[in-house]
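Notes to accompany the following structure.
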Amino acid sequence: MSGMSPPQDCQPEILSLDEFNVAIPQDVYDLLSKQYSALDDNDGDEETKHIDRLLKCMKRSPVDTCCRVNNIRSSVKEVEAGLEQYFAEKIMESQHSNSYSIQRHETLTDLVTIRTTSATADLYQAKVPPMTCNLPRNDVSSKQTDLFPNWQHRRKQGWPLTHRCVIVDRFCAEAVLRGADIFVKGILCADAGIIESEEVAVYASLPRPNSTKSNPITRGMLLQNYCDRCVFIGIGISQCKRAGYFASSGTGVVMTSTACSPQPPMNGVLVGKMILQNLPSVVVAHALNPQPNEVILDMCCAPGGKTTHLASLMNDNGLIIACDKSRKKMISARDFFQANASCSIVPLALDSTKALLELKSGEDWKSPHEIIDSASIANDGLKDVKGFYANSFDRILLDPPCSALGLRPKLQIDTKSAKELLKAADYQQKFIRNAVSLLKVGGSMTYSTCTFNTLENEENVKFILKEFPCMRLESLSHLPGLPGLPDKGLTEEECHKIRRFDPTDTSIDTMGFFLAKFQKVC
């Protein structure tokens, strides 16, 4: 099969991660560019636009891996010791010599960070793996001619002559850049002849921007027939023969180096004792500051990381109502809660935009405890609850569905138009209205998103303060993060009370995120 001649008109576009530009619709780019114009450099150079710096950062993972300790089952000291042991064993068995630095976070007392230093070459600007032989790049060894009989055409296409190649889909590639290995379901095509334990070059398949030409990719196709655009993302060790890539399950490639900040493989490490979370997500629960015996609502909890953090900070002493309208997600969340010994959490398949019960004439107001205790249980084990009455919760965590522009790494912006960003903010306001009603007077609420769209962030804070005079903005200046953006309808004092996480901020180097806290004063 490897001797078959490839199509002569097949010319893929092969890029390094450095030269690759994240695709974004023009109207979305224009809207975000205008939002962040206050942070542009003043010389008018296109390269100095803040939105361009943001998009460049989105291609790479944050430099640190964040491990949030589950206080119910462990301690910071125990997690540190467990990680030291894990990485010592990892280094002993590894085919490469990464080093790992484990540190306690200086502000967030239950957070441990891991920074990986790679001994291998920096691949960010590479289109192909570094040469593994001493021959000049233009020379071709007998080994290479044996490996690729059609090496002249392969060289013309731009594929490496030192490694066979594997191409994965975009979602698999983003997971790889976060530190994951490659499961076979993410593999689209590969070179012929790959064997187990062979070192392979890994590429991500991404559509050509503004292209009307269709280059359909059939899963299992040979690399020589691939004619689309791809980005070099790293090197790994094949765990099976080529045919095994297109089986139903299993690991296809174990990564040894990637084209961005190296991330440690953390799958299955200290399960139940710690949870991998992005730093801003850890900040949210600390901002809400839950106390034992309180009644708390997480309005959009899935997959449940922030919810279990609330339980951890409360020593699992209180009542946490965790909601999501997806029953499937809540069944998964329930299992996650149980795995983390979070017994104070009650998972509900409930749309929080419809969770406010009207107190009808002659009815008695019931507390969340009473509603939960009297609820029937469905066949899947979830309680059947229709909602709660106004003034029911001591604290509310509102992290509503958002445009998710801040997630890293991101190789493509999924938002199709600027209108989607407007609709996202409008939808979030439905959650906000119910949250204000459900919160007790004197209670606290956090509002957070994983996006850098100001319509969903600063301008929704402005909406809350204008629409609900009973809500007072609380200061979070003691926590990590930047102040809010200026010129979005908030005063300078209000901007300094909120926390904005910008991927271009090298002092933190994290995802795009936004957080504000309110107290209901009347």
Tell me yes or no: between the side chains of Glu196 and Gln239, is some donor less than 3.5 Å from an acceptor? no
Could you measure the distance from the CD1 atom of Ile345 to the CD1 atom of Ile320? Nearest 0.5 Å is fine. 5.0 Å
Thinking salt bridges, do Arg395 and Asp298 make one under a 4.0 Å N-O criterion? no
Keeping Asp316 on the side-chain end and Ser312 on the backbone end, is there a donor-acceptor pair under 3.5 Å? no
For Asn289 and Gln291, does a side-chain donor sit closer than 3.5 Å to a side-chain acceptor? yes
Do the side chains of Lys127 and Glu19 get close enough for a salt bridge, i.e. N-O under 4.0 angstrom? yes
Centroid separation under 6.0 Å, is that true for the rings of Tyr203 and Trp159? yes
Reported CZ-to-CD distance for the pair Phe20 and Glu13, which is rounded to 0.5 angstrom: 10.0 Å
Is there a side chain to side chain contact (heavy atoms under 4.5 Å, CB included) between Cys402 and Gln428? Walk through the geometry before answering. CA-CA 8 Å; Cys402 71; Gln428 289 154 359; 3.4 Å; yes
Could you check if a side-chain atom of Met58 sits within less than 4.5 angstrom of a side-chain atom of Pro503, using non-hydrogen atoms only? yes
Between Thr451 and Asn453, does any side-chain donor sit less than 3.5 Å from a side-chain acceptor? no
Residues Asp40 and Lys34 bridged, charged N to O under 4.0 Å: no
Assess the residue pair Leu288 and Leu313 against the criterion (side chain to side chain contact (heavy atoms under 4.5 Å, CB included)); give the C-alpha distance rounded to whole Å, side-chain angles, the decisive distance to 0.1 Å, and a yes or no. CA-CA 10 Å; Leu288 191 58; Leu313 292 175; over 6 Å; no
Indicate whether the side chain of Ser475 and that of Ser477 have a donor and an acceptor atom separated by less than 3.5 Å. yes
Tell me every residue that passes side chain to side chain contact (heavy atoms under 4.5 Å, CB included) with Lys77, counting only those two or more places apart in sequence or in another chain. Ser75, Arg104
What verdict does the side chain to side chain contact (heavy atoms under 4.5 Å, CB included) test give for Phe232 and Val128, after you've listed the backbone C-alpha separation in whole Å, the side-chain angles of each residue and the deciding distance to 0.1 Å? CA-CA 7 Å; Phe232 178 56; Val128 296; over 6 Å; no
Using a distance-only test with no angle check, is there a side-chain donor-acceptor pair under 3.5 angstrom linking Asp399 and Ser448? yes
Can Asp64 and Arg115 be counted as an ion pair, charged N to O under 4.0 angstrom? yes
Give, for atom CG of Leu476 and atom NE2 of His286, the distance between the pair rounded to the nearest 0.5 Å. 12.5 Å
Given side chains that start at C-beta, do those of Tyr29 and Ile413 come closer than 4.5 Å, heavy atoms only? no
When you measure from the side chain of Arg499 to the backbone N and O of Gly481, does any donor-acceptor pair fall under 3.5 Å? yes
Does any donor atom in the side chain of Asp502 or Thr504 lie under 3.5 Å from an acceptor atom in the other side chain? yes
Between Asp110 and His105, do the side chains contain a donor N or O and an acceptor N or O under 3.5 Å apart? no
Is Glu294 reaching over with its side chain to a backbone N or O of Asp394, donor-acceptor style, under 3.5 angstrom? no
Any side-chain donor near an acceptor of the partner, Tyr100 and Glu84, under 3.5 Å: no
Using the test salt bridge (Lys or Arg N to Asp or Glu O under 4.0 Å), find all partners of Lys185 that sit at least two apart in sequence or belong to another chain. none
Determine whether Leu319 and Asn293 make a side-chain contact, defined as any pair of heavy atoms from C-beta on separated by less than 4.5 Å. no
Apply side chain to side chain contact (heavy atoms under 4.5 Å, CB included) to Met266 and Ile114, showing your working. CA-CA 11 Å; Met266 298 295 291; Ile114 305 165; 3.7 Å; yes
To the nearest 0.5 Å, atom CZ of Phe148 lies from atom CZ of Arg164 at 6.0 Å
Charged N to carboxylate O under 4.0 angstrom, Lys497 versus Glu474? no
Evaluate the salt bridge (charged side-chain N to carboxylate O under 4.0 Å, His left out) criterion for residues Arg154 and Asp191: first the C-alpha distance (whole Å), next the side-chain angles of each, then the deciding distance (0.1 Å), finally the verdict. CA-CA 11 Å; Arg154 185 181 180 89; Asp191 264 314; 2.8 Å; yes
Quick one: do the Asp181 and Thr251 side chains pair a donor with an acceptor below 3.5 Å? no
Can we say Lys410 and Glu174 salt-bridge, meaning some charged N sits less than 4.0 Å from an Asp/Glu carboxylate O? no
Donor-acceptor contact below 3.5 Å, side chain Thr256 vs main chain Ile235: yes
Taking NZ in Lys56 as the centre, count heavy atoms belonging to other residues, nucleotides or ligands within less than 6.0 Å. Is the count above 12? no
Close side-chain approach of Pro409 and Lys59, heavy atoms under 4.5 Å: no
Ignoring hydrogens and geometry, is there a side-chain-to-backbone donor-acceptor pair from Asn278 to Ser281 under 3.5 Å? no
Is Asn457 reaching over with its side chain to a backbone N or O of Phe514, donor-acceptor style, under 3.5 angstrom? no
Check whether any side-chain heavy atom of Met445 lies under 4.5 Å from a side-chain heavy atom of Phe393, and answer yes or no. no
Would you say Asp509's side chain and Val63's backbone share a donor-acceptor pair under 3.5 angstrom? yes
Quick check against the 3.5 Å criterion: does Arg408 have a side-chain atom that pairs as donor or acceptor with the backbone of Thr510? yes
d(Asn71 CG, Met314 CE) to nearest 0.5 Å is 13.0 Å
Is a side-chain N or O of Gln263 found less than 3.5 angstrom from the main chain of Ser261, in a donor-acceptor match? yes
Has Asp228 got a side-chain atom pairing as donor or acceptor with Pro207's backbone, closer than 3.5 angstrom? no
So, taking the atom named CG in Leu397 and the one named SG in Cys323, what distance separates them when rounded to the nearest 0.5 Å? 11.5 Å
Indicate whether the side chain of Thr454 and that of Tyr36 have a donor and an acceptor atom separated by less than 3.5 Å. no
